[in-house]
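Before any comments, here is the structure.
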There are 2 protein chains.
Amino acid sequence: MDGKLKDQYLQDQLPIHRFISYRVLRLHSKLNAQAARILKETCGLSLAQWRVVAVVATEDGITPSKISRFSQMDKGQLSRCVKALVDSGLMVTRDDPADQRIQHLSLTAKGHEIHERTLPRMLNRQDRLLLGLSDVEREVIFSAFDKLEVIADAADDPADE
Amino acid sequence: MDGKLKDQYLQDQLPIHRFISYRVLRLHSKLNAQAARILKETCGLSLAQWRVVAVVATEDGITPSKISRFSQMDKGQLSRCVKALVDSGLMVTRDDPADQRIQHLSLTAKGHEIHERTLPRMLNRQDRLLLGLSDVEREVIFSAFDKLEVIADAADDPADE
DNA sequence: CTTTCATTGTTGACGGATCAACCGAGCTTA
DNA sequence: TAAGCTCGGTTGATCCGTCAACAATGAAAG
């Protein structure tokens, strides 16, 4: 008789609730919102900007194209991230002596400071997420992600069998 | 010595690769792109529009607010989806006799036709995703999603301990 | 040397998601 | 009935991610 409760049953029974891509979408938007909340409080960076900072912090001198290649971030998005980070004084670009197309990225002192201040909170969050899972879930989830990514990248077979 | 290969090692070793939210982001964008590809070929709907069609097909007469409540879709996004679907003749709205705020949604004949044409391809895709996983992975992944969603919704503890 | 092609990074355009302000309708309480 | 509240839905602003076009540079092939 309760409307809200009935909606809950509905949620569990609707076929959509077992759709992987729907569940991934929901999880993604929640994780995203949580990370954005933390970053806003801590350093004011967007999630994409934070990822660039984190990568450059562990691989000093890396180039945007390498970041784009292994992290599958969009070139354009990356370019804008770098621009914003340089403008706010967290990052500097250094030209390559041998190839004028290439930029090498490094954090400034301010960039390192912000990275070191922010990383613990992000690791803490990561730990909370992982500790919330059982051992099996923690083991399995990454391999499942790998497999799903491969399938999602594969061509969609046009025939229905 | 090979640049591409070295990038691959880099990908696996960087800490970011084990970050859950990063992996969910990547998986999400791939699943999204795949679904958008299929929908574009099949019926020209956006993913959000397709979800609304799928829900209304199984729950005729459902209202936007109910959809929003259980699927956690944004009210505004839903309103625009419904408008687009009505404009293209796939859906009709029916007023509630007792409460003039409420709209009940139903598919038109054309809407049902498109739903029945599209659903098999989407289910096929879903099957391919699930069959790519091992039994354990398939069992575990949904419970892991549930737990992660709860943690992501929880307040972020401000203290670093 | 010159032509052609691949790579690096920048930019503009577009669609999608999110947030907040808002309106109209119903309910509640005095 | 009037005041204040909640609820359903619409709209606009803004941000983010994606895609395509482009300029500049370098490498390869003739």
Side-chain angles (χ1 to χ4, degrees), chain A residues 3-4 7 21-22 24-37 39-40 44-52 62-69 71-87 91 93-105, chain B residues 3-4 7 21-22 24-37 39-40 44-52 61-87 91 93-105:
Chain A
K4 296 291 167 64
D7 289 349
S21 86
Y22 165 69
V24 172
L25 165 67
R26 260 180 43 178
L27 180 56
H28 163 65
S29 62
K30 291 188 182 192
L31 289 174
N32 221 34
Q34 187 191 40
R37 242 166 15 229
L39 288 175
K40 189 176 176 184
L45 296 179
S46 76
L47 190 46
Q49 288 171 357
W50 163 249
R51 288 210 173 93
V52 174
I62 196 171
T63 68
S65 68
K66 279 194 182 178
I67 298 179
S68 158
R69 219 174 295 137
S71 79
Q72 309 190 0
M73 241 187 252
D74 181 70
K75 282 193 310 176
Q77 190 186 16
L78 245 162
S79 170
R80 281 176 247 256
C81 275
V82 169
K83 186 164 188 280
L85 291 169
V86 169
D87 285 351
M91 187 172 285
T93 65
R94 190 164 25 88
D95 289 350
D96 188 286
D99 187 337
Q100 302 200 10
R101 294 170 301 180
I102 293 180
Q103 301 178 338
H104 296 277
L105 304 177
Chain B
K4 296 291 166 62
D7 290 349
S21 85
Y22 165 70
V24 172
L25 164 69
R26 259 179 45 178
L27 179 56
H28 163 67
S29 65
K30 292 188 182 192
L31 289 174
N32 220 34
Q34 187 190 41
R37 251 177 354 243
L39 288 174
K40 188 175 176 186
L45 297 180
S46 76
L47 190 45
Q49 288 171 356
W50 163 249
R51 287 210 174 92
V52 174
I62 196 171
T63 68
S65 68
K66 279 194 184 181
I67 299 180
S68 157
R69 218 175 297 138
F70 81 78
S71 78
Q72 310 191 359
M73 244 187 249
D74 181 70
K75 282 195 310 178
Q77 189 187 13
L78 245 163
S79 170
R80 281 176 246 258
C81 275
V82 169
K83 185 165 189 279
L85 292 169
V86 170
D87 285 350
M91 187 173 285
T93 65
R94 191 165 23 90
D95 288 349
D96 188 286
D99 187 338
Q100 302 200 10
R101 297 169 299 180
I102 293 180
Q103 302 178 339
H104 296 277
L105 305 177

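Reminder, nothing fancy here: chain letters follow the sequence lines and each chain counts from 1.
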Heavy-atom pair of closest approach, residues B:Phe70 and A:Tyr22: O-OH, 3.9 Å
Reading 5' to 3' through nucleotides 13-23 of chain D, protein heavy-atom contacts under 4.0 Å coded B for base, S for sugar-phosphate only, - for none: B--SSBB----
Partners passing side-chain hydrogen bond (donor to acceptor under 3.5 Å, both in side chains) against B:Thr63 (at least two apart in sequence or in another chain): B:Ser65
Residues forming a side-chain hydrogen bond (donor to acceptor under 3.5 Å, both in side chains) with B:Ser68, sequence neighbours excluded: none
Residue B:Lys83, side-chain atoms from C-beta onward, closest of D:dT11, C:dT10, C:dT11: D:dT11
Do the side chains of [Y] and [X] get nearer than 4.5 Å, heavy atoms only?
{"X": "B:Val52", "Y": "B:Leu78", "answer": "yes"}
{"X": "A:Ser29", "Y": "B:Met73", "answer": "no"}
{"X": "B:Leu105", "Y": "B:Pro64", "answer": "yes"}

Tell me: [atom1] of [X] to [atom2] of [N], nearest whole Å?
{"X": "B:Asp87", "N": "D:dT10", "atom1": "CG", "atom2": "C1'", "result": "14 Å"}
{"X": "B:His28", "N": "C:dG16", "atom1": "NE2", "atom2": "P", "result": "12 Å"}
{"X": "A:Ile67", "N": "C:dT10", "atom1": "CD1", "atom2": "C1'", "result": "16 Å"}
{"X": "A:Leu78", "N": "C:dT7", "atom1": "CG", "atom2": "P", "result": "17 Å"}
{"X": "A:Gln103", "N": "D:dT25", "atom1": "CD", "atom2": "P", "result": "13 Å"}
{"X": "A:Leu105", "N": "C:dG9", "atom1": "CG", "atom2": "C1'", "result": "11 Å"}
{"X": "A:Asp96", "N": "C:dT7", "atom1": "CG", "atom2": "P", "result": "17 Å"}

Can you list everything that forms a side-chain contact (heavy atoms from CB on, under 4.5 Å) with [X]? Sequence neighbours excluded, please.
{"X": "B:Gln49", "value": "B:Leu45, B:Ser46, B:Cys81, B:Ala84, B:Leu85"}
{"X": "A:Asp99", "value": "A:Asp96, A:Arg101, A:Ile102"}
{"X": "B:Arg94", "value": "B:Asp60, B:His104, B:Ser106"}
{"X": "A:Gln100", "value": "none"}

Output a table of nitrogen or oxygen pairs between the protein and nucleotides 2-5 of chain C separated by less than 3.5 Å.
none

ring-ring contact (aromatic ring centres under 6.0 Å, His included) partners for A:His28, two or more places apart: B:His28
Presence of A:Arg69 side-chain N/O under 4.0 Å of C:dT7 phosphate oxygens OP1/OP2: no
Below 4.0 Å: OP1/OP2 of C:dG9 and any side-chain N or O of A:Ser65: yes
Between protein and nucleic acid, restricted to nucleotides 24-27 of chain C and to nitrogen or oxygen atoms under 3.5 Å apart, what atom pairs and distances do you find?
{"from": "C:dG26", "atom 1": "OP1", "to": "B:Gln100", "atom 2": "N", "distance (Å)": "3.0"}

